[in-house]
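Note sheet for the following structure.
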Amino acid sequence: MSNNKIAILGLGYVGLPLLIAFSRFYEVIGFDISSKRINDIKSSTTINNKSLVNDVFFTSKKSKLSDANIYIITVPTPLNEDNSPDLSKIKLATEIVAQNISQGNIVIYESTVYPGVTEDFCVPIIEKISKLNYNKDFYCGYSPERISPGDERFTLNKMIKITSGSTPSVADFIDDMYKKIIGAGTYKASSIKVAEAAKVIENIQRDVNIALINELAIIFDGMNLNTNEILEAAKTKSNFIPFKPGLVGGHCISVDPYYLSYKSMKLGVNADIINVSRKINDNMSNFIVDKTINILIKKNINIINSDILILGYTFKENCADTRNTKVKDIIYQLMKKKINIEIYDPYVENNNDFNFIENPFLNEKKYDCIIVAVSHNQFKNYKVDDFIKISKGKLVLLDIKGMYNFSTWKL
Ligand SMILES: NC(=O)c1ccc[n+]([C@@H]2O[C@H](COP(=O)([O-])OP(=O)(O)OC[C@H]3O[C@@H](n4cnc5c(N)ncnc54)[C@H](O)[C@@H]3O)[C@@H](O)[C@H]2O)c1
């Protein structure tokens with residue numbers, strides 16, 4: 001153990017694995033604003049009164065943070081109603097650090113932001129509250145998280161981690177710290193702003209590419225051509241990039257582009273491609289609802305009081321994360337049309353928002369239409385007979401993820 005003591009603020013999807021990894025090398029304080037979250041973590045990381053994380057002190061009391069000399073902030077950076085960046089959580093975490101920080105300390109941000117949030121938004125807050133001077137009395141760093149929820153291939157340890165620091169020696173220090181916990185190694189960016197920008201464009205590149213494929217999917221659908229078949233053929237070209245059409249939800253790809261778009265607007269630059277891609281991807285739920293209604297009409301099924309089963313609710317396959325899921329938009333729109341909706345997702349616990357049900361394939365209930373919205377591995381095994389068994393008449397299967405070769409319609 002070194003003399004350094006790390007405090008991690010925000011113990012969610014990003015903060016908790018980071019805390020577990022650093023606890024193998026450093027004394028760590030785990031801080032979360034939510035005392036419920038702290039209690040849940042304490043009980044889930046303790047088995048038979050034995051802690052699974054070494055030298056970790058968990059707290060939701062901000063006064064307990066002054067023992068640390070390195071602060072890592074991993075709090076959410078969501079959007080406001082108007083899609084502008086909601087920096088309130090990162091501001092509060094920064095204020096808490098500023099009340100505890102002392103001479104020589106380092107503050108590292110991991111939350112996704114637009115370039116400039118660390119040095120132009122957060123640093124002045126720290127200076128004002130702590131009365132310390134940046135790069136004289138305290139230092140900063142930025143090291144974005146890149147984990148991909150639900151994908152075991154891309155966990156914290158397995159992906160190169162970008163690091164950066166506010167002076168060359170602080171950048172080296174931060175890089176060495178992360179090298180200890182990241183098996184795949186680190187990439188030291190030339191500045192904090194470069195590191196911030198690199199993170200945000202990773203997700204923007206994905207959003208823009210998916211938007212293009214979604215636009216193509218809508219065009220080809222109008223021509224009765226199946227986009228999946230076209231993509232299979234096109235990808236035999238060596239440099240064709242294999243993106244797929246679909247809903248873009250979650251707290252990263254559907255959020256981060258708005259951060260850069262906001263910053264570019266402040267600069268007077270139009271982020272045209274970024275903005276139109278967001279619009280196209282956000283509109284996919286409307287397209288799927290319209291498609292569903294058209295298919296029901298064509299099949300002579302009465303829309304009002306029809307029964308639709310939706311398979312999959314999370315924003316992405318094989319994980320329990322429902323944040324910003326676009327399946328919710330589909331459900332709301334179908335419910336507005338007085339359609340009865342039941343939802344089955346093996347990853348989602350029944351909540352009171354919607355009519356979540358247990359495995360429908362084990363029940364007697366029958367449906368007018370089934371929409372497969374998320375490609376969870378469990379759904380891949382279903383055969384045509386399984387779907388027919390729970391269908392009222394002829395099978396009407398809308399397959400958003402292109403999973404089956406017997407679907408009525410595929411995106
Ligand atoms: N989840 C991912 O896969 C992922 C991947 C890359 C980047 N990110 C980014 O990392 C950041 C954190 O995301 P997350 O998914 O871990 O969020 P999360 O919602 O899972 O967890 C955040 C935690 O922070 C706590 N919190 C909120 N405000 C706080 C404050 N002021 N002080 C201390 N704790 C506070 C919350 O109670 C919560 O437990 C975001 O900027 C996100 O965009 C997330």
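Whatever order the structure lists ligands and atoms in, that order sets their numbers, starting from 1.
Asn377 and Lys380 form a side-chain donor-acceptor contact under 3.5 Å, judged by distance and modelled atom types alone. In this structure, a donor-acceptor pair under 3.5 Å is present between the side chains of Glu342 and Tyr367. Inspection of the Tyr109 and Thr94 side chains reveals an N or O donor paired with an N or O acceptor under 3.5 Å. For the residue pair Asp207 / Ser277, no side-chain donor-acceptor distance below 3.5 Å is found, with atom types taken as modelled. In the model, Glu196 has a side-chain atom that pairs as donor or acceptor with a side-chain atom of Thr118 under 3.5 Å.
For Tyr404, the ring-ring contact (aromatic ring centres under 6.0 Å, His included) partners two or more places apart in sequence, or in a different chain, are Phe387, Phe406.
Residue-level contacts of ligand 1 at the 4.0 Å heavy-atom threshold are Gly10, Leu11, Gly12, Tyr13, Val14, Phe31, Asp32, Ile33, Ser34, Arg37, Thr74, Val75, Pro76, Thr77, Lys89, Leu92, Ala93, Ser111, Thr112, Glu145, Ile147, Pro149, Lys199, His251, Cys252, Arg323.
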